[in-house]
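Take a look at the structure below.
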Protein chains: 2
Amino acid sequence: MQEERSYKDKKVISIGTVSELTGLSVRQIRYYEERQLISPERSSKGTRKYSFSDVERLMNIADLREEGVQTTEILKDIRKKEEKSKNPAQLRKKMLQGQLNAHFQYKHNG
Amino acid sequence: MQEERSYKDKKVISIGTVSELTGLSVRQIRYYEERQLISPERSSKGTRKYSFSDVERLMNIADLREEGVQTTEILKDIRKKEEKSKNPAQLRKKMLQGQLNAHFQYKHNG
DNA sequence: CGTGTAAGGAATTCTGACACG
DNA sequence: CGTGTAAGGAATTCTGACACG
């Protein structure tokens with residue numbers, strides 16, 4: 001419905017609410033922005049506004065940080081993922097490759 | 001995907017942002033709550049939180065108010081609509097009736 | 001590197017109330 | 001009835017910085 005997508009990406013949530021939603025401190029959320037892991041928008045008065053997508057991404061970041069992954073590494077991961085989603089042809093190719101791998105593995109094991 | 005639905009109904013937007021999104025004043029938004037046209041949640045510290053659904057409803061309310069419809073009437077409208085969406089069988093019946101009406105009207109006019 | 005905290009200021013939100021109509 | 005506004009207080013958000021490690 002296209003409308004649904006816009007809800008997920010619309011930046012309307014303030015940092016305090018994001019903090020509650022993710023369990024991260026306000027300080028952490030601002031720091032991840034400094035490291036370019038997220039890019040909130042600014043409201044007319046300068047307060048940060050986040051989308052549900054941002055919240056999800058922050059939860060991923062939180063998980064990775066708990067595993068000890070540094071923000072620099074996380075940034076690389078994010079860039080890889082974005083590259084993929086911007087190149088559907090390449091994505092399909094990789095998925096096909098995955099299926100082929102699974103296929104041959106099945107034959108070998110069977 | 002079920003997830004999408006949750007974005008639309010999750011109450012995370014503060015009143016100032018809702019005001020920007022709808023063009024209504026903060027005073028108006030609070031008043032419509034007093035008249036039971038909307039029911040935001042309260043955050044841990046007592047601030048009102050709205051969902052995208054609430055924002056949409058407020059835009060409808062704004063349109064009706066501009067036409068001069070009083071809040072009491074708007075409340076009735078809302079209750080009617082909610083009744084319908086809670087009774088799918090009745091809803092289908094009404095839609096069928098609508099189709100029948102359109103059919104006969106067509107025959108008469110043609 | 002990643003995060004806590006105190007600092008000072010600006011803007012938000014809340015409630016109850018008075019005003020106008 | 002519907003909405004604006006001033007009032008006083010509490011909580012939020014912002015930035016730049018110092019601290020620890």
Side-chain angles (χ1 to χ4, degrees), chain A residues 10-79, chain B residues 10-79:
Chain A
K10 198 147 195 178
K11 313 240 177 186
V12 295
I13 315 175
S14 54
I15 197 166
T17 306
V18 172
S19 173
E20 288 186 357
L21 255 29
T22 61
L24 293 167
S25 72
V26 165
R27 178 68 165 103
Q28 286 174 309
I29 297 169
R30 291 202 193 107
Y31 180 68
Y32 298 152
E33 177 184 358
E34 188 184 319
R35 302 315 309 263
Q36 318 214 41
L37 303 185
I38 38 169
S39 12
E41 286 178 0
R42 294 290 179 129
S43 78
S44 43
K45 300 111 191 173
T47 72
R48 276 168 263 245
K49 294 296 175 190
Y50 302 83
S51 66
F52 283 111
S53 292
D54 292 328
V55 170
E56 288 186 359
R57 177 180 285 204
L58 282 167
M59 294 178 102
N60 284 329
I61 293 171
D63 288 344
L64 291 172
R65 282 292 304 128
E66 270 187 30
E67 292 170 28
V69 185
Q70 294 196 337
T71 55
T72 327
E73 294 305 315
I74 299 177
L75 182 57
K76 285 180 198 166
D77 277 24
I78 289 172
R79 294 212 165 130
Chain B
K10 197 147 198 179
K11 311 240 179 188
V12 295
I13 314 177
S14 54
I15 197 166
T17 305
V18 172
S19 172
E20 289 187 355
L21 255 30
T22 60
L24 293 167
S25 71
V26 166
R27 178 70 165 100
Q28 287 175 308
I29 298 169
R30 290 202 193 108
Y31 180 68
Y32 298 152
E33 176 183 358
E34 189 184 319
R35 304 314 309 265
Q36 317 214 42
L37 304 184
I38 37 167
S39 11
E41 287 178 359
R42 295 290 179 129
S43 77
S44 43
K45 300 112 193 174
T47 74
R48 276 167 263 248
K49 294 297 173 188
Y50 302 82
S51 66
F52 283 110
S53 292
D54 291 328
V55 170
E56 287 186 0
R57 176 179 286 203
L58 282 167
M59 294 178 101
N60 284 328
I61 293 170
D63 288 345
L64 291 171
R65 283 291 305 127
E66 270 188 30
E67 293 170 28
V69 184
Q70 293 195 338
T71 55
T72 328
E73 293 307 313
I74 298 178
L75 182 57
K76 284 180 198 165
D77 278 24
I78 289 173
R79 293 213 165 127

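Just so it is clear: chains get the letters A, B, ... in the order the sequence lines come, proteins before strands, and each one is counted from 1.
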Please list, chain by chain and in numerical order, all residues satisfying ring pair (Phe, Tyr, Trp, His ring centres under 6.0 Å) with A:Phe52, sequence neighbours excluded. B:Tyr7
Rounded interatomic separation in angstrom, taking CD1 from B:Ile74 and C1' from D:dT3: 14 Å
CD1/B:Ile61 to CG/B:Leu75 distance, rounded to the nearest 0.5 angstrom? 9.5 Å
So do the side chains of B:Arg35 and B:Thr72 get within less than 4.5 Å of each other, counting heavy atoms only? yes
Which pairs pass salt bridge (charged side-chain N to carboxylate O under 4.0 Å, His left out) with one or both residues in residues 43-55 of chain B, sequence neighbours excluded? A:Glu20-B:Lys45, B:Lys11-B:Asp54, B:Glu33-B:Arg48
Pairing string of DNA chain C (Watson-Crick or G-U wobble, both atom distances under 3.5 Å; | = paired to other strand) is .||||.||.|.|.||.||||.
Candidate list A:Ile38, A:Leu21, A:Thr22, A:Thr17, test side-chain contact (heavy atoms from CB on, under 4.5 Å), partner A:Tyr50, passing option: A:Ile38
Atom-to-atom span, CD of B:Glu66 to P of D:dG2 - whole angstrom: 15 Å
Could you tell me whether B:Thr71 contacts a base, only the sugar-phosphate backbone, or nothing, with contacts defined as non-hydrogen atoms closer than 4.0 Å? sugar-phosphate
Among residues 11-28 of chain B, which residues get a heavy atom nearer than 4.0 Å to DNA chain D? B:Ser25, B:Arg27, B:Gln28
Identify, with sequence neighbours excluded, every residue that meets side chain to side chain donor-acceptor pair (under 3.5 Å) alongside B:Ser19. none
Give every residue pair that meets the ring pair (Phe, Tyr, Trp, His ring centres under 6.0 Å) criterion with at least one member in residues 12-36 of chain B, sequence neighbours excluded. none
Out of curiosity, A:Leu37 CG to A:Thr71 OG1, how far, rounded to the nearest 0.5 Å? 6.0 Å
Once you round it to whole Å, what is the distance between P of C:dT13 and OH of B:Tyr50? 9 Å
For residues 63-73 of chain B, which residue pairs pass the salt bridge (charged side-chain N to carboxylate O under 4.0 Å, His left out) check, not counting sequence neighbours? B:Glu73-B:Lys76
Comparing nearest nucleotides in DNA chain C, the 5'-proximal residue of the pair A:Arg65, A:Thr47 is A:Arg65
Counting only heavy atoms and a strict 4.0 angstrom limit, can you tell me which residues of residues 30-46 of chain A come near DNA chain D? A:Arg30, A:Arg42, A:Gly46
Indicate yes or no: at least one non-hydrogen side-chain atom of B:Arg30 is less than 4.5 angstrom from one of B:Ile15. yes
Length of the CD1-P vector between B:Ile61 and D:dG2, whole Å: 12 Å
B:Thr47: what forms a side chain to side chain donor-acceptor pair (under 3.5 Å) with it, not counting sequence neighbours? B:Ser43
